[in-house]
**Student:** 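Questions regarding the structure given below will be posed in turn.
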Protein chains: 2
Amino acid sequence: MDAITAHRSSALLTDRYELTMLQAALRSGAAHRRSVFEVFTRRLPNGRRYGVLAGTGRVLDAVEAFRFTTPQLDWLADERVVDEDTLRFLADYRFTGDIHGYPEGEVYFPGSPVLTVEGSFAEAVILETVILSILNYDSAIAAAASRMSSAAGERPVIEMGARRAHELAAVSAARAAYVAGFSATSDLEAGYTYGIPTRGTAAHAFTLVHDTERDAFTAQIDSMGRGTTLLVDTYDLTEAVSTAVEVAGPGLGAVRIDSGDLTLLAHRVRRQLDELGAHDTRILVTSDLDEYAIAALAAAPVDGYGVGTQLVTGSGHPTCAMVYKLVARASGPDGELTPVAKRSAGGKTSIGGRKWAARRPDADGVAEAEVVGTGPMPAELEPHLLQVPLVSKGEVVGREPLEAARERHLRARAALPLSATQLSRGEPVIATELHGLTPERSL
Amino acid sequence: MDAITAHRSSALLTDRYELTMLQAALRSGAAHRRSVFEVFTRRLPNGRRYGVLAGTGRVLDAVEAFRFTTPQLDWLADERVVDEDTLRFLADYRFTGDIHGYPEGEVYFPGSPVLTVEGSFAEAVILETVILSILNYDSAIAAAASRMSSAAGERPVIEMGARRAHELAAVSAARAAYVAGFSATSDLEAGYTYGIPTRGTAAHAFTLVHDTERDAFTAQIDSMGRGTTLLVDTYDLTEAVSTAVEVAGPGLGAVRIDSGDLTLLAHRVRRQLDELGAHDTRILVTSDLDEYAIAALAAAPVDGYGVGTQLVTGSGHPTCAMVYKLVARASGPDGELTPVAKRSAGGKTSIGGRKWAARRPDADGVAEAEVVGTGPMPAELEPHLLQVPLVSKGEVVGREPLEAARERHLRARAALPLSATQLSRGEPVIATELHGLTPERSL
């Protein structure tokens, strides 16, 4: 990990009210009550068939890095954010509780308890903001990426959206896209920090800074070799493809088309390349692609896709609606948990009690329901439990290589009913069944 | 600046192709050609009347921090991203050119040259990704924030969206929102890093962890004083307001309503507070607010707004379409600049040549056109020039306090025609006039 991701402290990536609630709870004694918080979402974005959990690995980093530094504590004191007692608590803070959750890359549905944080109210409540920030952003990107990689089938999809996202969010977006099936990223920091393969071609500026397109192509081939990808739509596409093959020979790696009617142009360029004997030269397309555009190009002679804006903005859904809710608490540091839930009218109710979750398969092994319950679980669901231990008594136990999350996602998606990967709007592809629970209103 | 924002190096927040283009240009010699890159946008998001430039101050930090560290260079070598010559260039890299641009907080329109980077091709091309990342994200947030703060009129708007954004993007979002008229943020890191005022209330979890709502309110008042804001919609709103005033007395600072029909509830709560003698107790509303919801609450007895999701997602437009284009270059390190532009069909053409820009006022001082041109500028426009020097021969000269950007934005917005702040969709509120330019297609 590098400075950018493992910044010294994640502790101030926190809403002010977390710390003032802590102060008031320290005063009332409620701070020490054993508490259970759950992260879940009440709905998927309009028309989406499944959600994709991403960011879990980053949450573990953030929980470990949640320590208050002396300059931070001094600032909190100067700004009178909290009182002396609270500052002493924060100076010693480290999370000592347990976290369970869906493993990264897993799919989820409305009501799925994707993360469960258990500890004292004090130690658990202040993690809310940073946990939600990470899961809401990374999962939004992963959900879009999963639809795109699914639409692309066997063809590789490269993440190229850094310039359309906050510069550090872009690094996390590349990571989430990789979890959800993308093959590579243009973002060097994502390669450096997470080991994701990096790829790139050339921009129009490179052609324009040279006196002629031929000069530019020659320079690129001389420097990068014939396996490189030449950008062919700066001036005239047909001339550029001719020049490209003249300069590189039929062994040219690839050409990139970045504007115009991509289906039409891909056919035309493929024909031209074949006539020139460049049968193995691949065609990469970019230009505001989303999952629908990718699907529409399925029958075109395209060998790979570069996706930018629509990936890093979640293809219309740039965040998820995950919330972090207190669902149970005891009357002291130990003792029995009492389910709790907001009850007022207005649509934001939730279901009290610590949940388990299992994905029930049908006879063919295809997922048929997300079962969420409290209390005893039917024995037949035990092999299908979704949560795994992530943090145990404050120690991270759930860290894994990014490849594991990526493979899990592809497996989990493949185990959904076929209609999961339809792009048309619809209901979640499996229903969430509540086991032994009476919601005051439906999820 | 703190570790999180002034991370040791911004150099890998860069698309791979920037470095491979650099390598090929070093080989061909084009790397040393004097070049001018411009940042502009071809259009505003659908229906928006003006854009808001934000992030300039962060761009200056990123340009200063654009130095390659030894571990980064080792990684680039190990991954064979670029060759030895290029690594040597990168090891010594620092930007030595000039940057001019619209000052932060200024409004902009299609074609406005919001940033102009001038230097050798080599030193300017590799800044593309990080500059666009920052300006595209921060300006998207600022544009939404400006509409919201304008809709709120004199009432304060607090940024509370951290949990719905990438955890570090959230800090920049709070900054951009402050530039565009928000009064405060919930994000402590934004307070710590940028000195933005921080504010907070309490969450439902705080009420739920106590045995009764009365216990929770008592704990909060005991700890934070009567000036605090109590959250009154966990159980029954009317009971909660009664309890709140009983516990705090009529000097209670504020109550927050976070669900339900906010107009209806605000009227009901105001009436109840007044009956209880709590005439000065303010009402803060939150719950998926956007500029339309804020405007709809104008006649309701609301004293402040907290905005989350819709702010950090740009209220439907989470990024801008700013691009970084080579518009002119010389045939060597010095010498005359030749305008250049992409020419192929497909809609992504631009206009070659280094631009100036001025906002022409009418007789009443109201903006009537954004004039963009190359070559000589009409003398009467000179007092209305928009670009200022930001970096001069590699030295940052344009740094300013955040308050200056905030005040500039409010001034610039106030100088637009009144229809600028209509929320309905429409054309940009002033047209962009091209002076002495023949675009191959319209902006």
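So that the names make sense, note that chain A is the first sequence line, chain B the second, and so on, each numbered from 1. What you see is a predicted model; the values in this text were computed from it and never measured.
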**Student:** What closest approach, in Å, do B:Glu18 and B:Thr14 show between heavy atoms, and which atom pair accounts for it?
**Tutor:** CG-CG2, 3.6 Å

**Student:** Can you say whether A:Leu135 sits under 4.5 Å from chain B via the side chain, the backbone, both, or neither, judging by heavy atoms?
**Tutor:** neither

**Student:** Going by salt bridge (Lys or Arg N to Asp or Glu O under 4.0 Å), name the residues that satisfy it together with B:Arg27, two or more places apart in sequence or in a different chain.
**Tutor:**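 For B:Arg27 there are no salt bridge (Lys or Arg N to Asp or Glu O under 4.0 Å) partners, ignoring immediate neighbours.
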
**Student:** So which of A:Ala321, A:Ser35, A:Ala62 has the biggest tally of heavy-atom pairs under 4.5 Å with chain B?
**Tutor:** A:Ala321

**Student:** Does any heavy atom of chain A fall under 4.5 Å from the side chain of B:Thr309, the backbone, both, or neither of them?
**Tutor:**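 The answer is the side chain of B:Thr309.
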
**Student:** Name the region of B:Pro71, side chain, backbone, both or neither, that has any atom closer than 4.5 Å to a heavy atom of chain A.
**Tutor:** both

**Student:** For the candidates A:Ala328, A:Ala162, A:Ala330, which exhibits the highest count of non-hydrogen atom pairs separated by less than 4.5 Å from chain B?
**Tutor:**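 The candidate making the most pairs under 4.5 Å is A:Ala162.
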
**Student:** Quick check for you: among B:Arg199, B:Arg163, B:Gln23, B:Met160, which has the greatest number of heavy-atom pairs under 4.5 Å with chain A?
**Tutor:** B:Arg163

**Student:** Below 4.5 Å, heavy-atom pairs only: which of A:Thr207, A:Thr198, A:Thr129, A:Val340 has the largest tally toward chain B?
**Tutor:** A:Thr198

**Student:** Sort A:Arg16 into side chain, backbone, both or neither according to what part of it lies under 4.5 angstrom from a heavy atom of chain B.
**Tutor:** both

**Student:** Go through the atoms of A:Tyr324 and report whether side chain, backbone, both or neither lie under 4.5 Å from a heavy atom of chain B.
**Tutor:**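 Neither part; nothing is under 4.5 Å.
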
**Student:** Non-hydrogen atoms of chain B under 4.5 Å away: do they reach the side chain of A:Glu79, the backbone, both or neither?
**Tutor:**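 Interface part for A:Glu79: neither.
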
**Student:** Chain B heavy atoms under 4.5 Å from A:Ala170: which part of the residue, side chain, backbone, both or neither?
**Tutor:** neither

**Student:** Which region of B:Ile134, side chain (C-beta onward) or backbone (N, CA, C, O), has a non-hydrogen atom less than 4.5 Å from a non-hydrogen atom of chain A, or is it both or neither?
**Tutor:**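 For B:Ile134, backbone and side chain are both near chain A.
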
**Student:** Would you say B:Thr313's side chain and B:Pro318's backbone share a donor-acceptor pair under 3.5 angstrom?
**Tutor:** no

**Student:** Taking atom types as modelled and ignoring hydrogens, do the side chains of A:Asp233 and A:Ser259 form a donor-acceptor contact shorter than 3.5 angstrom?
**Tutor:**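 The criterion, which ignores hydrogens and geometry beyond distance, is satisfied for A:Ser259 and A:Asp233.
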
**Student:** With a 4.5 angstrom heavy-atom cut-off, is it the side chain or the backbone of A:Leu208 that approaches chain B, or both, or neither?
**Tutor:**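 For A:Leu208, the contact with chain B is made by backbone and side chain together.
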
**Student:** Let's go through B:Arg33 and A:Asp211 carefully: what are the C-alpha distance in whole Å and the side-chain angles of both, what is the deciding distance for salt bridge (charged side-chain N to carboxylate O under 4.0 Å, His left out) to 0.1 Å, and is it a yes or a no?
**Tutor:** CA-CA 11 Å; B:Arg33 291 183 162 190; A:Asp211 291 334; 2.9 Å; yes

**Student:** Could you verify whether a donor N or O on one side chain and an acceptor N or O on the other, from A:His166 and B:Ser133, lie under 3.5 Å apart?
**Tutor:**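 No, no side-chain donor-acceptor pair sits under 3.5 Å.
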
**Student:** Between B:Leu19 and A:Leu188, is there a side-chain heavy-atom distance shorter than 4.5 Å?
**Tutor:**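 With C-beta onward as the side chain, the pair touches.
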
**Student:** Measure distances from B:Leu26 to the heavy atoms of chain A and classify the residue's part below 4.5 Å as side chain, backbone, both or neither.
**Tutor:** neither

**Student:** So which of B:Val130, B:Asp222, B:Val323, B:Val81 has the biggest tally of heavy-atom pairs under 4.5 Å with chain A?
**Tutor:** B:Asp222

**Student:** If we define contacts as heavy-atom pairs under 4.5 Å, which of B:Ala190, B:Ala140, B:Ala203 has the most with chain A?
**Tutor:** B:Ala203

**Student:** I'd like to know which of B:Cys320, B:Gly191, B:Gly352 tops the heavy-atom pair count under 4.5 Å against chain A.
**Tutor:** B:Gly191

**Student:** Does any backbone or side-chain atom of A:Phe121 lie under 4.5 Å from a heavy atom of chain B? Answer side chain, backbone, both or neither.
**Tutor:**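 When you check distances to chain B, only side chain atoms of A:Phe121 fall under 4.5 Å.
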
**Student:** Where is the tightest heavy-atom contact between B:Tyr137 and B:Val312, given as atom of each residue plus distance?
**Tutor:**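 Reported closest heavy-atom pair: OH-O, 3.7 Å.
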
